[in-house]
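The structure under discussion is supplied below as C-alpha cells; questions concerning it will follow.
Quick note on labels: first sequence line is chain A, next is B, and so on, each numbered from 1.
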Amino acid sequence: MLCAAYPDLCTLFSVEFGDGVLAVEPGALLSSAEDLKRLGFDRLGMVTAVDYGEQFEIVVRLHAPEHHAAVFLKCRVPRSEPRVPSLTALWPGADWHERETYDLFGIVFEGHPDLRRIMLPDDWRGHPLRKDYEDPHVLPRPDYI
Amino acid sequence: MAVVDSIGRGLDAAPGGDVVLTTLDALIDWARGHSPWVMPMGTACCAMELIAASFAKFDFDRHGAFPRPDPRHVDVMVVAGTVTKKMQPAVQRLWDQMPEPKWCIAMGNCAVSGGIFLHDSYTVVRGVDEFLPVDVYIAGCPPRPESLQDAVLQLAKKIRSESIAEGRTHRADLLLPEAPCEPEEAP
C-alpha cells in the first residue's frame, strides 16, 4: 500500500518484526513524517532511541488506524552530534516522548517547545540509558543473585 | 463506660461520684492510639493493597486508621510503593506538612529497602528510611491488606507506650551537670 502510494520511498523500506521500516536521514525526518501523516499514518505511537555506540538511532512508531498498519520511522545520528528535528509541530503528543528521549539518551530535538528533563530531577547529570553512563551511587548486583 | 474501660491504665473512679481520675499520658495515648489517621502515600503497586485495606472487605477504619488525602489532617504516613529520586522531595514535603506527633509506616519491599530495585538502579531511593523516620516496616511484594492491619495495630501499640513527657525529661537531662571526673595524671 505504501509503495503504491509513494514509489519514491520504496527503496528505503525494509521489514522488521512484520512491520515496515523506513530509514531516513536526519534532515529528511520531518518531511517524511509529514508525508506519512498525509498517507494515513496519522497516529504517533512512540518516540524512542537506541544506543549503537558510534551512532544513536531515533525510532518513531506511526500507526495508520484506518488501514490497520504501522510503520517504524528510523534515523541515525552521530553520537557526537545527536540532533534531530522535533515532531511536535505534527503531533503535539510527541512533546513528552521527546522529552523522555532527551532525558534518558540526550538526543536534542530541535524546535521542541520545552525540552526539559521529564523522568529525572532537573539537576541530574548525564543520560542513564546511554551505554557509557556511569553513576557512583548505583549498587552493583552481587554474583549470588 | 466501654470507652473508659478500654483505657485500662492508670484509671481510678473516685468513690461516690461521676469523676474518673487518670494520667494525662494514659488519656492522650488512648486517644492517639485509637485514631491514627492515615496519609495514603501510594507511589506504586502497593497502593492497590493499601486501597483494598481501607475499603469494606478489610476495613482498617475499624482500628481508627481513617484515610485522609491531606497531610494536615493525618497522623500516620503509609508510604506504599517505590520512591524514586524524583518523587523523594514530594514525599518529604508532604511529610513536613504533617503536624506533630506523626508516625511513618513503610509498606512493601520497595519502601523498606528498595526491593527489586535495590541493585543496578540509578533512580530508586533504597528505602524511605533514608529520609523519613520509619516506625513500622511491612515486608512483602506487595503485602496483604492483613499485614497493613497488623502494622496499624503494632503502631497503635507503640503509640500507646509513648509518653508526652519524654520531650521534657529529655531536655531536663541535658540541664544536669556533667559527672565530675578525675583529671588524668600527666605521665
Side-chain angles (χ1 to χ4, degrees), chain A residues 46-59 79 82 86 88 92-109 112-145, chain B residues 39-48 50 71 77 79-98 104 106-134 137-143:
Chain A
M46 63 166 194
V47 179
T48 185
V50 187
D51 185 351
Y52 282 115
E54 291 299 307
Q55 289 177 316
F56 289 117
E57 186 173 71
I58 286 82
V59 182
R79 191 184 194 87
S86 168
T88 43
D95 186 336
W96 282 16
H97 291 267
E98 291 179 354
R99 277 178 67 185
E100 182 182 349
T101 312
Y102 162 71
D103 192 357
L104 301 177
F105 284 97
I107 312 282
V108 178
F109 290 88
H112 190 283
D114 183 25
L115 197 62
R116 286 181 294 129
R117 289 187 181 274
I118 184 169
M119 297 288 199
L120 301 172
D122 291 333
D123 56 351
W124 197 274
R125 287 176 180 273
H127 304 284
L129 289 191
R130 287 188 175 191
K131 296 288 185 198
D132 59 354
Y133 176 78
E134 283 179 2
D135 189 337
H137 301 294
V138 169
L139 205 60
R141 186 176 295 277
D143 293 334
Y144 54 83
I145 296 182
Chain B
M39 167 94 201
M41 189 67 236
T43 50
C45 31
C46 279
M48 296 301 120
L50 174 61
M77 176 183 267
V79 184
T82 321
V83 179
T84 59
K85 285 178 186 167
K86 176 100 168 179
M87 190 67 190
Q88 179 187 345
V91 178
Q92 178 78 55
R93 189 185 173 106
L94 286 167
W95 171 260
D96 290 344
Q97 286 178 354
M98 285 165 56
C104 180
M107 179 179 181
N109 287 352
C110 293
V112 171
S113 70
I116 57 170
F117 308 109
L118 175 64
H119 298 114
D120 289 349
S121 172
Y122 52 86
T123 188
V124 171
V125 178
R126 298 186 197 107
V128 288
D129 52 4
E130 301 244 326
F131 62 103
L132 294 185
V134 178
Y137 296 86
I138 318 173
C141 188

Practice problem: Would you name the heavy atoms of B/Thr123 and A/Trp124 that are closest together and state the gap between them? | Solution: CA-CH2, 4.5 Å
Self-check item: Which atom of B/Lys86 lies closest to which atom of A/Pro121, heavy atoms considered
Solution: CD-N, 3.7 Å
Quiz item: Nearest heavy-atom pair of B/Leu118 and A/Leu139: which atoms, and what distance?
Solution: O-CB, 3.8 Å
Quiz item: To the nearest 0.5 Å, how far apart are OG in B/Ser121 and NE2 in A/His137?
Solution: 13.0 Å
